Structure formats: C-alpha cells, structure tokens
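To start, the structure under review is shown below, and the notes come after it.
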Protein chains: 2
Amino acid sequence: MTGTGRTTTRDIARAAVRAELAQVAFELFRRDGFDKVTLDDLASAAGVSRSTFLRYFGTKEDAVLGAFEGQDQRVADALRGRPADEDDWTALRHALDTVIARYREDPDGALATTRLVRETPALCARHLEKQHGWGPALAQALADRAGSAEPPTLGQSVRAGAALHCLNVAIDHWTASDGRLDLVTLLDEAFAALSGR
Amino acid sequence: MTGTGRTTTRDIARAAVRAELAQVAFELFRRDGFDKVTLDDLASAAGVSRSTFLRYFGTKEDAVLGAFEGQDQRVADALRGRPADEDDWTALRHALDTVIARYREDPDGALATTRLVRETPALCARHLEKQHGWGPALAQALADRAGSAEPPTLGQSVRAGAALHCLNVAIDHWTASDGRLDLVTLLDEAFAALSGR
DNA sequence: GCTAGATATGAAACTGAGTGTCACGCTAGC
DNA sequence: GCTAGCGTGACACTCAGTTTCATATCTAGC
C-alpha cells in the first residue's frame, strides 16, 4: 500500500511479484535447504536483482514467514467477535479456528511449510519471535472483550499464551503424523489437557 | 570440559575467562546497546582477539544468554525429583522454583539481564529459541515421572509448555514492576489463571 | 629438566546477510 | 510531450560467523 489506503494497480502488481518470489524461494529452500541457498541464488532464480529481492522481503526468512503475516490480527479480530458472555477459553479455542482453516484448505502446502520451518533453526527462531508477539495482541483482545479499558491482566496474558501453545503442540503432532490426524481433534485435546488433572 | 568428565585446572581457567568476557560484554551492551557493539569492540574491550571471543561464545548473543545455560536440565531434574503421586501442575510449579531462585539471589542482576534481553530483538529471539527447547525436555521429564517408557503425550507437552509460559508472564510482570512485586506470588497467580474460568 | 604432543591464542582470508546510495528507466498525471 | 515519482539494478560498505594456519604455552612422560 502506498501512503493512501487506496489499493492501486501497482499494489496488485507488487503483491503478485511478492507471491512469485516467495514461491520460487520456497522451492529452492525445499530442494537445497534453507542455509544452502544464498540471496544471490534466490535473486537469479527469480530473475530479479539481489536488491529487489531484499526490498520485497527484508530478510531471507521473511520470504517463507511472510505467509503467516497478519494472522495475529485475524485471530485477535475473531476473538473480539466472540460473544461477550463466552469464557476466555472457549473464545480462544474458537478464534483459533481462523488459523486452522488454512491448514484444512491446503494441507499439503501447510505441511511442507511447517516442515521447512521446524527443520530450519533460523526459520524456527524467527517464527517463534513473531508468534511471541501474538500473545500480547490476543491478551489485549481478551481485555477488550471483557470491556475493561485497562491493559490485559496477568490471567489474560497467561491464557492467551497458553492457547497459542496449544496451537503449536497440536500442529507439531499433526505434522509428525504427516497430516493424517485431525487438527481440530488435536487442538481440542490440547485445550482439554490444560483443564484436566 | 576436555574429553574426560574430569574437571581440570584448565577448565577452571576457561570458566573464569568466560565469566570475565561475559561481564565485559554485558557492560558494553548495557551502555551502548547490543546492536551498536561489534565483535571487535568486545574483543578489544576484553583484551583478547576477535577469534578468541568467538571461541568462548559462538555468537554475540551467547555472551549474554550463556547465563541461562543448563537451566533446562536443572528444571527437568527437579521435575524428576518430585514425588510420583504429585499431579503434573504441582510438580511443574515446584520445579520452576529452581529458576526463580536465581532471581531472588540477585534481583538487580536478573533485572538488568532480563531488561537487556527483552529490549533487544536479537537477544529476545535467541532466548525464545533456546527456551523453546525446554518444553520437550520438561515434557519428557513428566513422562519419565509417570513411569511410562513412552514419549511424552500431547497432554504432557501442553502442560510443560504452558508452565514455561506462566514463568515468562510472571517474569514479564515482575520486570515491569522493577522487581517490586513478588515473583513467587506472580508465578502462583499465573498457574492459577490456567485452572480458573 | 627436557622434549613431544596437546591446547589456547592470534592473524587473516573468506562467505554471506543486510544497509545505504545513486543512477537509470518506466509510468502516470498534467 | 514533460515531469515527478516509483521500481529496479549496480555497487560499495559493515559486520557476523567460519575456516585455516602459525605461534606460543602448558602438560605429561621420560
């Protein structure tokens, strides 16, 4: 987006190029391993200059992790959309369906991406870092939902983070099962494990 | 340690140098900011060569995060040491006292370190990455404690991770309060927030 | 005590990520 | 058509981290 909120022709072109670059990068990473592929490799494979590639993705990692961009906002919005009388856990669990949906739409793609991320320390670290920022965002959404104009309570922060962790564990197990297990069931089990015992 | 488990004179010297380097590095980081300080700065400030510095800490980040080294093993051991009839939550909560202890022994140092880490994206990311590895270790300890020779269940993974997250939230709040709030109380509250509602 | 082997250090070259600058070319609006 | 702005490429630069080699120091065995 360029300054104004208006979406111009250029923005569409940019998005298309971005998607194309991400696609090329992803395939190279899968084939040769993330660390083996240099920025020069990526640039020449995509037919652009190194500079251009770095303008689209500030980082090699971002070429992969850009796929997750904005998920936090989507989940937070979903959370705010839940009925006010719903308890935090139920609201969080439902809000996470927003994320799950993408895994059900394109299981193979999701599986490949997840594998690449978990197998690559650099990607894994960056992903954790970004996801770490979701916690406060979700906690704030919980606070908003509760109507209080105050910052999130310790309890809300804990629950938001724990819910995210449930998501991660569920995805881990799902990935380990080659996508055969049902992600919804796994997520429900994960949430249940918090209350249980 | 050199090959054998035996602790030699050299190992002691190494540890002393390491501690000294970490100290010098920490002060520079606090004064000028982590990103502003280069490896050359660190090396010359500590009176060693760049090579040597990098031999002690494979990474600039490790000069700070080395302080947390081995905590995961300590917590896991503490966990295994808990009575077998204790439920997971109680065992986890008590095992975390191992970590808390360091914050009570040297609150000022802990506060300074924590601040530096949370304020520096690179450090924060690396720290998250390392701490991410604790989850499986704790989950395994829970599994061992349960006597099953199997890998940890989904429930155990969830609980281990959630407990770690409680620790983080508690430390965050403690840091935000300049160390005035009681960390034990905060941690108890965080655990309570998981069961509640 | 002296030497042989291991070990700590320093120097330097190298790769690769990310930043900043500048000039060129295309496109849109006047 | 002209021009102002944007996307792109080329290039130089800084810095982290790796690797290699030479040198000094320390330890152990004789």
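Bear in mind that the values here come from a model prediction, so they are computed numbers and not experimental data.
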Would you kindly check if the NZ (Lys) or CZ (Arg) of B/Lys130 is within the cone defined by 45 degrees around the ring axis of B/Phe68 and under 6.0 Å from the six-membered ring centre? no
All salt bridge (charged side-chain N to carboxylate O under 4.0 Å, His left out) counterparts of B/Arg30, not counting sequence neighbours: none
Excluding sequence neighbours, so at least two apart, what forms side chain to side chain donor-acceptor pair (under 3.5 Å) with A/Arg93? A/Asp97, A/Asp188
List the atom pairs, donor and acceptor, that lie under 3.5 Å between side-chain atoms in residues 162-173 of chain A and the rest of the protein, sequence neighbours left out.
residue  : atom : partner  : partner atom : Å
A/Asn168 : OD1  : A/Gln131 : NE2          : 3.3
A/Asn168 : ND2  : A/Gln131 : OE1          : 2.7
A/Asp172 : OD1  : A/Arg118 : NH1          : 2.2
A/Asp172 : OD2  : A/Arg118 : NH1          : 3.4

Please report the distance, rounded to the nearest Å, between CD1 in A/Ile12 and C1' in C/dT27. 16 Å
Between B/Arg104 and B/Asp182, is the closest basic N to carboxylate O distance under 4.0 Å? yes
Compute the bend angle of the helix from C/dG1-D/dC30 to C/dC30-D/dG1 from the end axes (five pairs per end), rounded to 10°. 10°
Tell me whether A/Thr120 contacts the main-chain N or O of A/Leu116 through its side chain, where contact means a donor paired with an acceptor under 3.5 Å. yes
Sequence neighbours excluded, every pair satisfying side-chain hydrogen bond (donor to acceptor under 3.5 Å, both in side chains) that has a member inside residues 65-84 of chain A: A/Arg80-A/Asp144, A/Arg82-A/Glu86, A/Arg82-A/His94
In chain order, what residues pass the side chain to side chain donor-acceptor pair (under 3.5 Å) check against A/Ser44, with sequence neighbours excluded? none
DNA chain C contacts among residues 51-67 of chain B, heavy-atom distance under 4.0 Å: B/Ser51, B/Thr52, B/Arg55, B/Tyr56
For B/Asp178, check salt bridge (charged side-chain N to carboxylate O under 4.0 Å, His left out) against everything at least two apart and list the hits. B/Arg115, B/Arg180
Nearest-0.5 Å distance, CG of residue A/Leu183 to CD1 of residue A/Ile100: 3.5 Å
Test side chain to side chain donor-acceptor pair (under 3.5 Å) applied to A/Arg55 - qualifying residues, sequence neighbours left out: none
Does any N or O donor sit under 3.5 Å from an N or O acceptor when you compare the side chain of A/Arg50 with the base of C/dG16? no
Mark up nucleotides 22-27 of chain D, 5' to 3', with B wherever a protein heavy atom is under 4.0 angstrom from a base atom, S wherever such an atom reaches only the sugar-phosphate, and - elsewhere. ----BS
What salt bridge (Lys or Arg N to Asp or Glu O under 4.0 Å) pairs are there with at least one residue in residues 34-54 of chain B, not counting sequence neighbours? none
DNA chain C-proximal residues of residues 18-49 of chain A, any heavy atom under 4.0 Å: A/Val37, A/Thr38, A/Leu39
Using a 4.5 Å cut-off on heavy atoms from C-beta on, say whether the side chain of A/Phe26 contacts that of A/Thr113. yes
